[in-house]
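Report on the structure given below.
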Amino acid sequence: MKQNVRVWDAPIRLFHWALPPLIGFMWYSGEQGGEWLLWHIRVGYVVATLLLFRLIWGLIGSQTARFTQFIRGPKAILAYMRGQLPEDQIPGHNPLGALMVMALLAALLFQVVSGMLSSDIDSYMYDGPLIHLVGSEWSEQITVWHKQGINYLLALIAVHVGAVLFYLWGKKTNLIRPMVTGIKPIDSDAELDRVEFIPPIIALVTLVVSAGAIYTLVTRL
Ligand code: HEM
């Protein structure tokens, strides 16, 4: 028997589903270059805000969003891989999936930070807002890494989507629906404590603070 349990809060779901169009736009505008870079930078601030929000939410947010709740050691990862920790008994990210989540967030963070330090080598019209912190030589090197970084990020996303589809078709476990609705079917025999949720107003305040912090970073630093 399964019971429907609310596992993902709205902030996590909104954060997640904002990413595919935003990353798609960042990739396309970066590839186009030229005038597109103006919007590449502006939308980059949106990505930076959402990422900062997610990092803070990983510290103070709802239970399934918190890093301390889902980052597990090698023992738990091995137990999960041996099938000793069934997916339908885990309310949030499984120990293996958690590695993927951290890799995706780290790759996003690398892109955001390196983007802010990159220069527009073709026209120097649309430089990142923080290049003065590193000087032009370093900035040009960081631009090379920023351009390579998107390929690693896209590769990680391909593995991520591939894994989700493997769960769907190979293991007959739909992880996508819970990420859309927030509700996951959990084994009724699983001894779960109630999943703890933080009120959405706190998420909204965190988002506004994140936007303010990014604005201050790019205009005042
Ligand atoms: C730009 C593309 C994408 C990025 C950067 C991305 C990133 C992420 C991140 C960071 C998480 C962790 C959520 C959190 O705790 O904050 C996650 C989870 C998840 N993503 Fe994606 N994602 C992308 C596209 C997709 C797509 C297209 C699908 C569906 C086919 C998908 C399905 C899922 C699911 C089901 C989870 C939850 C996994 C679980 O149950 O543990 N993602 N994704």
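Just so you know, ligand 1 is whichever comes first in the structure, and atom 1 is the first atom listed for that ligand. These values consider heavy atoms only, across backbone and side chains, with no hydrogens, waters or symmetry-generated copies.
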Protein heavy-atom partner closest to [atom] - residue, atom, separation in Å:
| atom | value |
| --- | --- |
| atom 16 (O) of ligand 1 | Arg54 NE, 2.5 Å |
| atom 38 (C) of ligand 1 | His93 ND1, 4.1 Å |
| atom 30 (C) of ligand 1 | Ile176 CD1, 3.9 Å |

Open item on the list: Glu196: which residues meet the salt bridge (Lys or Arg N to Asp or Glu O under 4.0 Å) condition with it, sequence neighbours left out?
Closed with: Arg66
Open item on the list: Once salt bridge (Lys or Arg N to Asp or Glu O under 4.0 Å) is applied, do any residues pair with Lys2, and if so which ones, sequence neighbours excluded?
Closed with: Asp88
So if I count the atoms of ligand 1 from 1 in the order they appear, which ones are less than 4.0 Å from some heavy atom of [X]?
| X | value |
| --- | --- |
| Val101 | 12 (C) |
| Phe15 | 16 (O) |
| Ile23 | 1 (C) |

Whether over 12 other heavy atoms sit under 6.0 Å from [X] [atom1]:
| X | atom1 | value |
| --- | --- | --- |
| Gln84 | CD | yes |
| Trp138 | CH2 | no |
| Arg13 | CZ | yes |

Atom of [X], atom of [Y] and distance for their closest heavy-atom approach:
| X | Y | result |
| --- | --- | --- |
| Val112 | Ala48 | CG1-CB, 3.6 Å |
| Trp57 | Asp9 | NE1-OD2, 2.9 Å |
| Ser119 | Thr143 | N-OG1, 3.0 Å |

Open item on the list: Counting only heavy atoms closer than 4.0 Å, does ligand 1 sit against the backbone of Leu175, its side chain, both, or neither?
Closed with: both
Task: Number of protein N/O/S atoms that sit closer than 2.8 Å to atom 21 (Fe) of ligand 1 - done: 2
Open item on the list: Is there a polar contact, in the sense of an N or O pair closer than 3.5 Å, between Trp17 and ligand 1?
Closed with: no
Task: Polar contact flag for Trp8 and ligand 1 (N/O pairs, less than 3.5 Å) - done: no
TODO: Please work out which of Leu105, Leu96, Leu22 has its closest non-hydrogen atom nearest to atom 10 (C) of ligand 1.
DONE: Leu105
- [ ] Before giving the answer on side chain to side chain contact (heavy atoms under 4.5 Å, CB included), spell out for Leu175 and Glu87 the whole-Å C-alpha distance, their side-chain angles and the decisive distance to 0.1 Å.
- [x] CA-CA 10 Å; Leu175 299 175; Glu87 184 67 42; 3.6 Å; yes
TODO: Sequence neighbours left out, what pairs pass ring-ring contact (aromatic ring centres under 6.0 Å, His included) with at least one residue falling in residues 82-114?
DONE: Trp8-His93, Phe70-His93
Task: Partner of Met100 under side-chain contact (heavy atoms from CB on, under 4.5 Å), chosen from Asn94, Leu156, Leu105 - done: Leu156
